[in-house]
Amino acid sequence: MEDKSKCITSFYIITNQLKDPDFTVTKKIMSYLLEHGAECQCQSPEDNVEGTGYRYTNVDLVPYDTQCIIVLGGDGTLIQAATELNHRNIPLMGVNIGTLGFLADADMNNVFDALEHVMQGNYSVDRRMMLDGKVYRGDELIYTNTALNDVVISRCGTLRVIDFDVYVNGTYLNSYSADGVIVSTATGSTAYSLSAGGPIIQPNAQLMMVTPICPHTMNQRSIIFSPSDSIEIVMTSNKKMSEERVATFDGELFCDVITGDRIVITRSDKVSEFIKTTKLSFLERIREKM
């Protein structure tokens with residue numbers, strides 16, 4: 001049923017230019033919105049993102065009266081937009097022109113129907129938990145960032161395992177020799193964690209999950225924790241090998257880590273909001289995408 005109080009008439013489009021290099025799809029969507037009485041802007045291909053600290057868009061160009069941001073690309077584009085824009089509290093609508101598209105609400109087969117629903121107020125807002133990750137070297141905080149999917153500690157360079165200890169709320173959990181470890185949200189359960197053998201979790205669930213990557217034992221599996229818990233990864237001796245380890249946030253932003261560094265991961269105060277117009281249930285979407 002139409003809810004006029006929720007009707008959205010002001011849009012901004014973020015485009016992954018690798019997926020829409022000539023802005024063909026972008027222009028179609030913009031034309032549709034303008035023809036139906038909405039306001040719509042987008043970052044032009046000529047606008048420079050370098051030096052802004054952003055991946056796909058210059059957030060400073062997004063008008064403050066924007067009610068919805070349309071993200072054209074795949075899950076990676078949507079995740080980066082969610083991270084870059086989480087301080088603006090503007091709901092995102094994903095349009096999949098990528099590959100898998102777990103997070104997207106629409107694709108090119110139904111995007112105009114979805115936009116009509118949004119302009120008429122026929123949608124819901126899906127709020128997703130995010131993670132804060134802080135890297136400490138001794139007592140000094142050397143890096144901090146936020147992730148929607150996951151924080152991953154892994155090797156880089158030569159193909160050697162890395163060693164680390166895991167603590168939960170200050171209590172020792174286990175020591176690992178592995179290719180790395182993934183600390184993910186429920187949203188991230190269908191990303192890297194799934195590839196590492198982790199379970200698929202209802203994306204609205206409030207939790208944190210620890211999944212070792214190719215651990216060198218037979219019985220180490222994913223462990224699920226409360227969103228109020230604090231997960232601490234301590235980098236232990238690398239057997240005098242080169243310090244080739246990295247903490248990565250949502251697969252893009254990273255910080256090199258060395259022996260003794262601590263990565264503390266907690267629930268973020270920030271959330272990501274996604275507009276949902278589809279009637280597909282989570283189970284139907286999983287069946288469709290898998």
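Inter-residue side-chain proximity for Ile213 and Thr211 is flagged as unmet; no heavy-atom pair is nearer than 4.5 Å. Between Met108 and Ile97 there is a side-chain heavy-atom pair separated by less than 4.5 Å. Contact check for Ile14 versus Gln80: no side-chain heavy atoms found under the 4.5 Å cut-off. By the 4.5 Å heavy-atom criterion applied to side chains, Cys40 and Ile13 are counted as neighbours. Between Thr77 and Leu72, the closest side-chain pair of non-hydrogen atoms is not below 4.5 Å. With contacts defined as side-chain heavy-atom distances shorter than 4.5 Å, the pair Ile8/Ile275 qualifies. Side-chain contact between Ile201 and Ile224: present, with at least one pair of heavy atoms (C-beta onward) separated by less than 4.5 Å. Considering only heavy atoms from C-beta on, Val257 stays 4.5 Å or farther from Ile233 through its side chain.
At distances below 3.5 Å, not a single donor-acceptor pair connects side-chain atoms of Ser31 with backbone N or O atoms of Lys28. Counting only distance, with no hydrogens or angles, the side chain of Arg88 and the backbone of Val62 share a donor-acceptor pair below 3.5 Å. The main-chain N or O of Gly188 is never found under 3.5 Å from a side-chain atom of Ser193 such that the two would form a donor-acceptor pair. The backbone N or O of Gly251 sits nowhere less than 3.5 Å from a side-chain atom of Thr248 that would complete a donor-acceptor pair. At distances below 3.5 Å, at least one donor-acceptor pair connects side-chain atoms of Asp107 with backbone N or O atoms of Asn109. Panel note: side chain Asp75, backbone Leu103; a donor-acceptor pair is recorded below 3.5 Å. One N or O on the side chain of Ser10 and one on the backbone of Asp65 form a donor-acceptor pair closer than 3.5 Å. Counting only distance, with no hydrogens or angles, the side chain of Thr9 and the backbone of Ala38 share no donor-acceptor pair below 3.5 Å.
Val135 and Phe254 fall into different hydrophobic clusters, where Ile, Leu, Val, Met, Phe, Trp and Tyr residues are linked whenever their side-chain heavy atoms come under 4.5 Å apart, directly or through other members. Two different hydrophobic clusters hold Phe274 and Val271 under the rule that ILVMFWY side chains link at heavy-atom gaps under 4.5 Å. In the hydrophobic clustering of this structure, Val246 does not group with Val183; members are Ile, Leu, Val, Met, Phe, Trp, Tyr whose side-chain heavy atoms approach within less than 4.5 Å, directly or through other members. Residues Tyr167 and Val151 are members of separate hydrophobic clusters, defined by side-chain heavy-atom contacts under 4.5 angstrom among Ile, Leu, Val, Met, Phe, Trp and Tyr. By the criterion of side-chain heavy atoms lying less than 4.5 angstrom apart, applied directly or through intervening Ile, Leu, Val, Met, Phe, Trp or Tyr residues, Val234 is not grouped with Ile263; the two fall into different hydrophobic clusters.
Residues that satisfy the ring pair (Phe, Tyr, Trp, His ring centres under 6.0 Å) test with Phe164, not counting sequence neighbours, are Tyr176. Partners of Phe249 according to the ring pair (Phe, Tyr, Trp, His ring centres under 6.0 Å) rule, which considers only residues two or more places apart in sequence or in another chain, are Tyr143. A search for ring pair (Phe, Tyr, Trp, His ring centres under 6.0 Å) contacts involving Tyr192 returns nothing, not counting sequence neighbours. Judged as a side chain to side chain contact (heavy atoms under 4.5 Å, CB included), and not counting sequence neighbours, the contacts of Ser175 are Asp165, Tyr172. Taking the side chain to side chain donor-acceptor pair (under 3.5 Å) definition, one finds that Asn169 meets it with Asp229, sequence neighbours left out. For Tyr32, the ring pair (Phe, Tyr, Trp, His ring centres under 6.0 Å) test picks out His36, Phe112, with sequence neighbours left out. Under the side chain to side chain donor-acceptor pair (under 3.5 Å) criterion, Thr277 pairs with Asp105, sequence neighbours left out. For the side chain to side chain donor-acceptor pair (under 3.5 Å) test, residues two or more places apart in sequence or in another chain that qualify with Gln206 are Arg267. With sequence neighbours excluded, the residues satisfying side chain to side chain donor-acceptor pair (under 3.5 Å) with Arg137 are Asp261.
Considering all non-hydrogen atoms of both residues, Ala81 and Val71 come closest at CB-CG2, 4.0 Å. What you find for Gln67 and Cys7 is that their closest heavy atoms are NE2-O, 3.9 Å. In this structure, Gly74 and Lys19 approach most closely via the heavy-atom pair N-NZ, 4.1 Å. Scanning both residues, Ile153 and Met235, for their nearest heavy atoms gives CG2-SD, 3.7 Å. Between Ala205 and Ala186 the shortest heavy-atom distance is O-CB, 3.5 Å. Nearest heavy atoms, Met130 versus Ser272: SD-OG, 3.2 Å.
Taking a 6.0 Å sphere around CZ of Arg127, one finds it holds 12 or fewer heavy atoms contributed by other residues, nucleotides or ligands. At most 12 heavy atoms of other shown residues, nucleotides or ligands fall within 6.0 angstrom of atom NZ in Lys134.
One distance of note links CD1 of Ile258 with CD1 of Ile142; it measures 7.5 Å at 0.5 Å rounding. Between atom CG of residue Leu78 and atom OG1 of residue Thr83 there is a gap of 9.5 Å, rounded to the nearest 0.5 Å. Here the straight-line distance linking atom CE of Met208 with atom OG of Ser226 works out to 7.0 Å at 0.5 Å rounding. To the nearest 0.5 Å, the span separating CG on Asn96 from CG on Asn110 amounts to 10.0 Å. With rounding to the nearest 0.5 angstrom, the CG atom of Leu85 is 6.5 Å from the CG atom of Leu92. Atom-to-atom distance recorded for Leu33:CG and Tyr12:OH is 14.0 Å, nearest 0.5 angstrom.
In summary, the side chains of Asp20 and Thr26 do present a donor paired with an acceptor at a separation below 3.5 Å, with no hydrogens or angles considered.
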Can Ile182 and Met209 be said to form a side chain to side chain contact (heavy atoms under 4.5 Å, CB included), step by step? CA-CA 8 Å; Ile182 305 164; Met209 178 168 61; over 6 Å; no
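Each of Ile79, Leu131, Asn204, Leu148 was evaluated against Thr187; a single residue qualifies, Leu148, per the side-chain contact (heavy atoms from CB on, under 4.5 Å) test.
Among residues at least two apart or in separate chains, salt bridge (charged side-chain N to carboxylate O under 4.0 Å, His left out) pairs with a member in residues 115-126 are Asp126-Arg128. Each side-chain hydrogen bond (donor to acceptor under 3.5 Å, both in side chains) pair with one or both residues in residues 146-157, not counting sequence neighbours, appears once here: Asp132-Thr146, Arg155-Asp179.
Val264 forms part of a hydrophobic cluster together with Tyr136, Leu141, judged by ILVMFWY side-chain heavy-atom separations under 4.5 Å.
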